Amino acid sequence: DSGVTQTPKHLITATGQRVTLRCSPRSGDLSVYWYQQSLDQGLQFLIQYYNGEERAKGNILERFSAQQFPDLHSELNLSSLELGDSALYFCASSVTLGTPFSSGNTIYFGEGSWLTVV
Amino acid sequence: DQQVKQNSPSLSVQEGRISILNCDYTNSMFDYFLWYKKYPAEGPTFLISISSIKDKNEDGRFTVFLNKSAKHLSLHIVPSQPGDSAVYFCAASASGSQGNLIFGKGTKLSVKP
């Protein structure tokens, strides 16, 4: 158990709909990351928040947005869903902004939220 | 364009032997490299990391080697155990990138008893 909690674990929704994925980071971690894993693309970085502020953006679509709340939990909002958005969405957290990495400072992943768009 | 490449989608090894998983990268700005292990229905689990100022880092049965000139790193598992069977992801990060990781597509390791 990494200590990163994601809900829901599984979600099936129709095209055009909107969903919200929730993440609670490890206790004490200020940085939250969202990654998307699709079958052909591997793990793709979407966005990062640190202590409530957006710090880095990756390959995140404009239809997607995220936020980190004062209690440090984060939500990823996916709207106008398309079939191609079906994927496993991971949340991860770390104590600091990331580097330098070591066994004492690394990024811990949750178990993911499976999204199926039909 | 993939910045981190794991060219072997799968690897099969006999229990007790060495497993060598390879990873190549193209971005010379990467200065931290991590290996994650992933079991089905679980999130990636951190295994071992290496900074670009080192060429080797060891943790128990796991050793990561970094060849900066070749932009290549490898993960050695000795001896391999059936419980090591999982998908292994290589990831890289550059200082100043806020720590976000660029992942390879993974190598599925099967360790046969």
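Order of the sequence lines fixes the chain letters, A, B, ..., with proteins taken first and strands second; residue numbering starts at 1 for each chain. All figures in this text were calculated on a predicted structure; none of them were measured in a lab.
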Do other residues, nucleotides or ligands put more than 12 heavy atoms under 6.0 Å from the [atom1] atom of [X]?
X        : atom1 : answer
B/Lys105 : NZ    : yes
B/Arg61  : CZ    : yes
B/Lys108 : NZ    : no
B/Ile18  : CD1   : yes

Report yes if the distance between the aromatic ring centroids of B/Phe46 and A/Phe109 is under 6.0 Å, otherwise no.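 No.
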
In sequence, state the C-alpha distance, the side-chain angles, and the governing distance for A/Phe45 and B/Phe103, and then conclude on ring pair (Phe, Tyr, Trp, His ring centres under 6.0 Å). CA-CA 8 Å; A/Phe45 169 69; B/Phe103 280 86; 9.9 Å; no

Do you know the tightest heavy-atom contact between A/Phe90 and B/Pro44?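 Heavy-atom minimum between the residues: CE2-CD, 3.7 Å.
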
What distance do [X] atom [atom1] and [Y] atom [atom2] have between them, rounded to the nearest 0.5 Å?
X        : Y       : atom1 : atom2 : answer
B/Lys38  : A/Leu88 : NZ    : CG    : 6.0 Å
B/Leu101 : A/Leu43 : CG    : CG    : 9.5 Å
B/Phe89  : A/Gln37 : CZ    : CD    : 4.5 Å

A/Ile107 and B/Tyr36: CA distance, side-chain angles, deciding distance, side-chain contact (heavy atoms from CB on, under 4.5 Å) verdict: CA-CA 10 Å; A/Ile107 297 179; B/Tyr36 281 82; 3.5 Å; yes

Report whether A/Leu46 and A/Leu72 are members of the same hydrophobic cluster (ILVMFWY, side-chain heavy atoms less than 4.5 Å apart, transitive linking).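 Looking at the clustering, A/Leu72 is in a separate group from A/Leu46.
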
Between B/Val64 and B/Tyr25, is there shared hydrophobic-cluster membership here, with clusters defined by ILVMFWY side-chain heavy atoms closer than 4.5 Å?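 The answer is yes; both residues are in one hydrophobic cluster.
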
